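Okay, structure first, notes after.
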Amino acid sequence: MNLKSFLKPYRGMRDYLPKDLYERRVVEEAIRELFKLYCYEEVETPTVEYYELLAAKVGEETRRTMYVFKDLAGRTLALRPEGTAPIVRLVTSKLKTAPKPLRLGYIWDFYRYDEPQRGRYRRFYQGGFELLGSSKPEADMEILSISIELMKKLKLEKFQVKLSDVGVLRGLMSSWGVDENVQNRVLSLADKKNYVEAIKELEATNLDEASISKIAGIFKLKGLNYKSILAEAKSIVGSCEHSIRSLENLEVILDYMREIYPEPEYILDLGFARGLEYYTGMIFEVFVENLDIALIGGGRYDKLVELYGGEPTPATGCAAGIDRLVLAMRVNNATPPPPPNRRVYLYILDGVPLSYGFKISTELRANGIPVEIEVMDRSLSKGLSTASRKNYPYALMLGLKEAEAGLVTLKNMFTGLQETLTLREALNRIRSSFNAS
RNA sequence: GCCGCCGUAACGUAGCCUGGUUAGCGUACAGGCCUGUGGAGCCUGGAGGCCGGGUUCAAAUCCCGGCGGCGGCCCCA
């Protein structure tokens, strides 16, 4: 059988070679650092969940792209397409009685059957922060802060935060008795900037023209000057309490966020909705210059825990696209250089018992020094050549002379100087140079 | 799901238009010159036309289909 055509990873999925993984780790470490600083506890759930659980509230677009399959017993399962559903599952089951608020973090892989393109893969990584139990703007502000801190940590200095509150439009439509499914369709069409179709959707519901033109008016409100946009929006929504509350909430959040983090550009866009159906309040996405794809996205989902059968639990959160952040760093030359090579190349010359070399390597490693032993039986000259091309700072050579005297020869590969020393001396020398660099 | 460009060793490429030597080169890899001393150089070696079909005496080259990569739309992370 010819396996050649199967040697490449499946479409939209990638192999991460050391360099790729290094870049990913940079982002992951920044996320874990924020878990710690913001007191989020990391959790992990299975990649595979029951289809029903995942499909419950994710929205048409995501449902269409789920990897769904049956197990041998006929159960319908799926690979998780996003992280909120599994988190909410935990919160409504094992963490049901955990003290609120709950701060949970994750770094998982996700799967969507999309057409791959720039920054979009069928298997991708997200780092998520979920804050459950609070309905207050300070919770949303915390999520926004985390997103902003992540961008800053990764040296992605010039970025935009686009935000809205789905309560503005939903509030209006609910007050007129518009069916929730229709609301979902309207929001999703608006999100696609397909305002014409969105309006048609509403016209089909026998809403009066005045109401429809209100919605159309909201769609258009977008820009940097949030004060005037909010004022305009308020005059449109009139006495609709839910919408007013959403607008006020946005105002509070924007006032404070601008004060705390003046750097990002905040774009208020009331026609922006996001594809996931579970959002109930503030929503946002983060963009960086030179790359027109959302790097981080999130929002408030106050009804989801209830939907899963738990106690009513307001919640908010965000997910950072790890592969996309890696890409953003590349595009903006923000990828940090990998750390210097701090290793020792150990060469055991002919005639020396291997045990002598292995004892020395064991001792070095016990002291935290990485050692690579020559295992190809190369000539010394070839070995040193390889070690130098790989940028090893030190070579340790063990010949009969050294073995008999219980010593080692340490060669500095940069200066070319070498000395025969006791293991202790060599170790100290290596260690101090590694600590210095 | 739609659209565009593109598929030659691990990587970068030449040849393709105008079908015809053993598919060439560079890097990388392995070895030798050089088994107690490296980075250079020289030499040697392994490794390749995405898959399937068609046209033809003959296909990397021309045609069709599939698959894949990159990018765009849409959506999202």
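Reminder, nothing fancy here: chain letters follow the sequence lines and each chain counts from 1. From a predicted model like this one, the values you see are computed outputs, not experimental measurements.
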- Taking atom C1' in both B/C57 and B/G12, compute the distance separating them and give it to the nearest angstrom. 36 Å
- The Watson-Crick or G-U wobble partner of B/C33, with both key distances under 3.5 Å, is B/G41
- Message: Tell me which nucleotide, if any, is Watson-Crick or G-U wobble paired with B/G71 when both distances must be under 3.5 Å.
- Response: B/C3
- B/A47 to B/A10 separation - C1' atoms, rounded to the nearest Å: 9 Å
- Query: Does the gap between the ring centers of A/Phe35 and A/Phe129 come in under 6.0 Å?
  - Reply: yes
- Item | A/Gln117 side chain, from C-beta outward: closest of B/G36, B/C34, B/C74 | B/C74
- Message: From the set B/G38, B/G1, B/G36, return the single nucleotide nearest to any side-chain atom of A/Arg120.
- Response: B/G1
- Message: When you measure from the centre of the six-membered ring of A/Tyr16, is the NZ or CZ of A/Arg24 closer than 6.0 Å and no more than 45° off the axis?
- Response: yes
- Item | Presence of A/Arg389 side-chain N/O under 4.0 Å of B/G38 phosphate oxygens OP1/OP2 | no
- Selected nucleotide, minimal atom distance to A/Lys8 side chain, candidates B/G68, B/G39, B/U37: B/G68
- Which nucleotide sits closest to the side chain of A/Glu115: B/G38, B/G31, B/C2? B/C2
- Query: Does the B/A77 base have a donor-acceptor partner in the side chain of A/Arg112 within less than 3.5 Å?
  - Reply: yes
- Checking B/G32, B/U37, B/A30 against the side chain of A/Arg378 (C-beta onward), the nearest is B/A30
- The side chain of A/Arg118 lies closest to which of these nucleotides: B/U35, B/A77, B/G71? B/G71
- Query: Centre of A/Tyr345's six-membered ring, under 6.0 Å away, within 45 degrees of the axis: is that where NZ or CZ of A/Lys390 sits?
  - Reply: no
- Query: Which one, B/U37, B/G32, B/G68, comes nearest to the side chain of A/Lys411?
  - Reply: B/U37
- Message: Could you check whether A/Arg123 makes a cation-pi contact with A/Tyr111, meaning its NZ or CZ is under 6.0 Å from the centre of the six-membered ring and within 45° of the ring axis?
- Response: no
- Message: Distance alone, cut at 3.5 Å: any donor-acceptor contact between the side chains of A/Ser433 and A/Tyr394?
- Response: yes
- pi-stack flag for A/Phe124 and B/A77, centroid dist under 5.5 Å, interplanar under 30°: yes
- Note on the structure: Using Watson-Crick geometry (N1-N3 plus N6-O4 or O6-N4) or G-U wobble (N1-O2, O6-N3), each under 3.5 Å, B/U27 is paired with B/A10
- Task: Give the nucleotide from the list B/G36, B/A30, B/C34 with an atom nearest to the side chain of A/Ser381.
- Result: B/C34
- Message: As a test of reading the structure: which of B/C73, B/G36, B/G32 is closest to the side chain of A/Leu349, going by heavy atoms?
- Response: B/G36
- Task: Compare the minimum distances between each of B/G38, B/U35, B/U37 and the side chain of A/Ser379, then state the nucleotide with the smallest one.
- Result: B/U35
